[in-house]
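Working notes, beginning with the structure itself.
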There are 2 protein chains.
Amino acid sequence: MGKRENRTKPPDPATLCKSKDPAAVRELLTKVGDKWSIFILLTLEMFPDCRARFSAVEKCIPGISQKMLTVTLRNLERDGMVSREIFPEVPPRVEYQLTKLGETLLEPLQALLDWVNANSEQVRKSQRLFDQK
Amino acid sequence: MGKRENRTKPPDPATLCKSKDPAAVRELLTKVGDKWSIFILLTLEMFPDCRARFSAVEKCIPGISQKMLTVTLRNLERDGMVSREIFPEVPPRVEYQLTKLGETLLEPLQALLDWVNANSEQVRKSQRLFDQK
DNA sequence: CTGTATCCTGGGCGATACTG
DNA sequence: CAGTATCGCCCAGGATACAG
């Protein structure tokens, strides 16, 4: 399932979407494809125990607004990728940590990042070629 | 680089974005995260020689509009993931084919799909739990 | 059959102000 | 410090019509 050998026969139309739970696939890729999720996941990964407080994450991600950090963290928590712990202090302290699930997602994600590092130059070249035609 | 061991010291803020070409990372994830790109790539992969004509791809992707198929294919071509060949016939025939570059992207992508297949149930469970609080 | 050209809507996201 | 609330812009993407 999902192997990449060359076929010699055309596929049954809609085979793809029957075998793969298209809703779940699209859902994840939409999440991961949004503007900030991956940066948050990768940032948390850098901290000891994959754990950091709100403001610490914020400082590691230039350009993110407070609102989007809150929203994206909340979504990640909802999906079970990140856990959230509130400390009843003043001033308040909230710590976020990658869950086991979140950590497992980072592996395939890292593969994608490696691909980017290896191939982004070729992509840019292709774009330039295409644009000047 | 990009390893996943636990750190014992907090990261240098903005380390992430210095080491990874954030523009390129975000660019790819935005593409891959759009509504149709992956389905198109996975569809082409199913055909002999990773090659199919416009209408054949269309039939394999329920719900895609003609416009979005055209637009997304054009973007993929611009990025060098897909090549396009026009046959001067009537009625016209146009064939699209995964390039070498496009095929290499499918490997990390497949890892992500496998993750979805393995974990989407747990994600849904987490969502239900979160929502009823 | 394989496109292009318009129009239109929803929602992602930023800016800003306010709160416990 | 770590949020909410509100407003408004922009643009991905759907519907529809037309063209080579």
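As a basis for the values below, the full set of heavy atoms in this structure was taken, side chains included, without hydrogen atoms, waters or symmetry mates. Chain letters run A, B, ... following the sequence lines, proteins first, then strands; residues in each count from 1.
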Go through it in stages, so that I can follow the logic: the residues are B/Ser83 and B/Thr99, the test is side chain to side chain contact (heavy atoms under 4.5 Å, CB included), and I'd like the CA-CA distance, side-chain angles, deciding distance and then a yes or no. CA-CA 6 Å; B/Ser83 65; B/Thr99 60; 4.1 Å; yes

Respond yes when some side-chain nitrogen or oxygen of B/Arg93 is under 4.0 Å from OP1 or OP2 of C/dT2, and no when none is.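 B/Arg93 to C/dT2 OP1/OP2: no side-chain N or O under 4.0 Å.
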
Rounded to the nearest 0.5 Å, how far apart are [atom1] of [X] and [atom2] of [Y]?
X        : Y        : atom1 : atom2 : answer
A/Leu101 : B/Trp115 : CG    : CH2   : 4.5 Å
A/Leu105 : A/Leu98  : CG    : CG    : 9.5 Å
B/Phe54  : B/Leu73  : CZ    : CG    : 6.5 Å

A/Asn75 versus A/Thr72, side-chain donor and acceptor atoms under 3.5 Å: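 Side chains of A/Thr72 and A/Asn75: no pair found under 3.5 Å.
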
Hydrogens and angles aside, do A/Gln127 and B/Glu27 bring a side-chain donor and acceptor to less than 3.5 Å of each other?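 Side chains of A/Gln127 and B/Glu27: pair found under 3.5 Å.
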
Provide the start and end nucleotides, 5' to 3', of the part of DNA chain D that has atoms under 4.0 Å from heavy atoms of chain A.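 First-to-last contact on DNA chain D, by the 4.0 Å heavy-atom rule, is D/dC1 to D/dT6.
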
Basic-acidic side-chain contact under 4.0 Å: A/Lys100, A/Glu103: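 No, no charged N to carboxylate O under 4.0 Å.
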
Electrostatic pair B/Glu95-B/Arg53, nearest N-O below 4.0 angstrom: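 Result for this pair is no, no salt bridge flagged.
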
Quick check on side-chain hydrogen bond (donor to acceptor under 3.5 Å, both in side chains): which of A/Glu85, A/Arg51, A/Arg84 does A/Gln97 satisfy it with?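 Among the candidates, only A/Arg51 passes.
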
For DNA chain C, what are the stems built from at least three Watson-Crick or G-U pairs in a row, each pair having both distances below 3.5 Å?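 Stems found: C:1-20 with D:1-20.
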
Less than 4.5 Å apart, side chain to side chain, heavy atoms only: is that true for A/Gln66 and A/Glu58?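 A side-chain contact under 4.5 Å exists here.
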
Produce a footprint string for nucleotides 3-18 of chain C: one letter per nucleotide, 5' end first; B if the base is under 4.0 Å from any protein heavy atom, S if only the sugar-phosphate is, - if neither. BB-B------BBB---

